[in-house]
Amino acid sequence: MKKVGIATVILIRSGYKRWVTYPSRVLEKKEHVYPPVTDLVDLFLRLSEKHSMQFFFGLYDSGKYWISGDYVSEVELNKQVIEEVRNAYGHYPSFKGWYITQEVSRRTLGIIDIYARLGHHCKQVSGGLPTLISPYVDGRKQVSQYSTEILRSQAITTQEHENEWDEIMDGIKNSVDIVAFQDGQVEYDELPEFLHINKRLADKHGLQCWTNTESFDRDMPIKFLPIKWDKLKLK
């Protein structure tokens with residue numbers, strides 16, 4: 001990774017439901033998670049330091065609270081995770097930022113409050129380290145990984161996308177620093193317009209605009225094969 005120019009590594013989530021990447025007393029007590037055999041967070045931080053990379057820590061996804069509408073419980077649980085992780089691993093020089101792992105495409109599920117409150121707490125605990133989110137576009141390729149379908153009939157329009165994310169970014173601009181939209185949920189010829197919208201909105205609200213280039217294929221019924229090189233190059 002270092003040789004090909006990758007300078008930042010991001011753990012997209014430190015845990016999902018009962019599976020976690022580090023020994024967490026908070027999550028063992030509250031969510032009865034299984035203790036991991038290897039402390040991957042410690043491993044990744046040490047390797048990041050060894051290879052002069054910056055590491056972003058991804059928060060915990062309960063898989064139940066925020067998707068059922070109880071986003072307050074998701075926030076409060078993650079605030080304890082943030083404090084636990086910073087106390088345990090904050091001494092590593094490679095710990096350079098936070099990834100808020102709850103991914104959405106639209107203004108739903110109290111997402112503005114989730115991003116704003118979690119981003120603020122990350123910064124407060126760590127002395128202002130940057131925070132990152134990676135949302136997606138609610139396009140025609142946004143289909144369930146459990147389905148053999150490739151496309152759906154309905155998708156968000158560019159105007160709807162712009163209106164909703166203008167409101168979201170306005171609400172999170174003091175808590176989130178970087179917005180990195182995933183790029184795989186729309187057709188390749190639709191992507192440039194969405195990228196322009198994302199960059200324009202990020203500039204308007206003072207956010208950094210990154211792009212999350214997916215290296216897996218959404219055009220096949222098997223979810224998700226490695227992407228064809230021609231497609232990756234096109235993106």
Side-chain angles (χ1 to χ4, degrees), residues 8 10-13 54 56-62 65-83 86 96-142 154-187 190-214 235:
T8 301
I10 301 163
L11 179 67
I12 66 168
R13 60 183 63 87
Q54 56 180 2
F56 277 58
F57 175 86
L59 305 188
Y60 173 72
D61 185 347
S62 70
Y65 296 125
W66 72 288
I67 60 174
S68 65
D70 183 12
Y71 69 87
V72 173
S73 294
E74 188 86 4
V75 168
E76 293 305 313
L77 180 60
N78 264 288
K79 286 170 71 174
Q80 295 180 59
V81 169
I82 291 165
E83 293 167 7
R86 189 59 185 172
K96 294 295 187 181
W98 305 88
Y99 177 65
I100 304 174
T101 191
Q102 289 71 22
E103 299 174 2
V104 298
S105 61
R106 307 190 67 161
R107 187 189 58 242
T108 54
L109 306 172
I111 195 61
I112 294 177
D113 202 31
I114 291 176
Y115 284 158
R117 291 172 64 181
L118 288 178
H120 174 75
H121 199 68
C122 286
K123 289 178 167 297
Q124 188 178 47
V125 166
S126 64
L129 287 181
T131 55
L132 163 71
I133 62 172
S134 186
Y136 54 96
V137 177
D138 194 21
R140 292 190 66 209
K141 292 186 181 182
Q142 181 54 35
Q154 299 296 320
I156 196 170
T157 66
T158 53
Q159 190 60 59
E160 290 171 329
H161 177 80
E162 182 162 9
N163 291 344
E164 293 193 23
W165 278 96
D166 190 19
E167 182 177 343
I168 294 171
M169 289 190 195
D170 186 55
I172 67 175
K173 60 188 177 186
N174 295 318
S175 301
V176 173
D177 300 291
I178 306 161
V179 178
F181 275 92
Q182 302 165 34
D183 71 351
Q185 295 86 356
V186 299
E187 292 287 5
E190 297 176 311
L191 184 58
E193 186 171 2
F194 281 101
L195 292 176
H196 282 297
I197 291 171
N198 298 339
K199 180 63 165 66
R200 183 165 65 247
L201 291 176
D203 288 347
K204 175 182 177 181
H205 295 290
L207 303 174
Q208 291 185 52
C209 185
W210 292 5
T211 296
N212 181 350
T213 301
E214 295 178 345
K235 292 204 292 184

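One-based numbering along the sequence shown.
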Exercise. Report the C-alpha distance between Lys79 and Glu76 in whole Å, list the side-chain angles of each, state the deciding distance to 0.1 Å, and finish with yes or no for salt bridge (Lys or Arg N to Asp or Glu O under 4.0 Å).
Key: CA-CA 5 Å; Lys79 286 170 71 174; Glu76 293 305 313; 3.7 Å; yes

Exercise. Take Arg117 and Asn78 through the side chain to side chain contact (heavy atoms under 4.5 Å, CB included) test and state the conclusion after the steps.
Key: CA-CA 10 Å; Arg117 291 172 64 181; Asn78 264 288; over 6 Å; no

Self-check item: Worked check of side-chain hydrogen bond (donor to acceptor under 3.5 Å, both in side chains) between Asn212 and Ser134
Solution: CA-CA 7 Å; Asn212 181 350; Ser134 186; 3.0 Å; yes

Practice problem: Decide yes or no on side chain to side chain contact (heavy atoms under 4.5 Å, CB included) for Glu103 and Ile133, but give the supporting numbers first. | Solution: CA-CA 7 Å; Glu103 299 174 2; Ile133 62 172; over 6 Å; no

Self-check item: Step-by-step side chain to side chain contact (heavy atoms under 4.5 Å, CB included) determination, Asp166 to Lys204
Solution: CA-CA 9 Å; Asp166 190 19; Lys204 175 182 177 181; 3.1 Å; yes

Self-check item: Full working for side chain to side chain contact (heavy atoms under 4.5 Å, CB included) between Glu193 and Val186
Solution: CA-CA 10 Å; Glu193 186 171 2; Val186 299; over 6 Å; no

Quiz item: How far apart are the C-alpha atoms of Lys123 and Asp177, what are their side-chain angles, what is the distance that settles it, and do they pass the salt bridge (Lys or Arg N to Asp or Glu O under 4.0 Å) test?
Solution: CA-CA 10 Å; Lys123 289 178 167 297; Asp177 300 291; 2.6 Å; yes

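Note on Glu190 versus Arg140: no salt bridge recorded, every NZ/NE/NH1/NH2 to OD/OE distance being 4.0 Å or above.
Taken from CD in Glu187 to NZ in Lys141, the straight-line distance is 4.5 Å, to the nearest 0.5 Å. Taking CG of Asp183 as the reference point, atom OG1 of Thr211 lies at 7.0 Å (rounded to 0.5 Å). In this structure, Ile114 CD1 and Tyr71 OH are separated by 7.5 Å, a value rounded to the nearest 0.5 Å. To the nearest 0.5 Å, the span separating CZ on Arg13 from OH on Tyr60 amounts to 11.5 Å. With rounding to the nearest 0.5 angstrom, the CG atom of Asp138 is 9.0 Å from the CD atom of Glu160. Taking CD1 of Ile100 as the start and CG of Asp61 as the end, the distance is 13.0 Å to the nearest 0.5 Å.
One N or O on the side chain of Thr101 and one on the backbone of Ile12 form a donor-acceptor pair closer than 3.5 Å. Between the side chain of Ser175 and the main chain of Ala116, a donor-acceptor pair closer than 3.5 Å is present. Between the side chain of Lys96 and the backbone N or O of Phe57 there is no donor-acceptor pair closer than 3.5 Å. Within the 3.5 Å criterion, the main-chain N or O of Gly97 finds no donor-acceptor partner in the side chain of Gln54. In this structure a side-chain-to-backbone donor-acceptor pair under 3.5 Å is missing from Tyr65 to Val75.
Between Arg106 and Ile111, the closest heavy-atom pair is O-CG2, 3.8 Å. What you find for Cys209 and Ala202 is that their closest heavy atoms are CB-CB, 3.7 Å. Contact between Leu132 and Tyr99 at its shortest, heavy atoms only, is O-CD1, 3.3 Å. Between Val104 and Trp165 the shortest heavy-atom distance is O-CZ2, 4.0 Å. Closest approach of Ile82 and Cys122 over heavy atoms only: CD1-SG, 3.5 Å. The minimum heavy-atom distance linking Ile112 with Gly171 is given by the pair CG2-CA, 3.9 Å.
Screening Lys199, Arg200, His205 against Asp203 for a side-chain hydrogen bond (donor to acceptor under 3.5 Å, both in side chains) leaves a single residue, Lys199.
No hydrogens or angles considered: a donor-acceptor pair under 3.5 Å links the side chains of Gln159 and Asn163.
Side-chain contact check for Leu201 versus Glu162: some heavy-atom pair is nearer than 4.5 Å. Counting heavy atoms from C-beta outward, Trp98 and Ser126 have side chains that approach closer than 4.5 Å. Looking only at side-chain heavy atoms (C-beta outward), Thr158 and Ile197 come within less than 4.5 Å of each other. Counting heavy atoms from C-beta outward, Val179 and Asn198 have side chains that stay 4.5 Å or more apart.
For Trp210 and Phe181, the gap between ring centers reaches or exceeds 6.0 Å.
Under the ring pair (Phe, Tyr, Trp, His ring centres under 6.0 Å) criterion, Phe194 pairs with His161, sequence neighbours left out.
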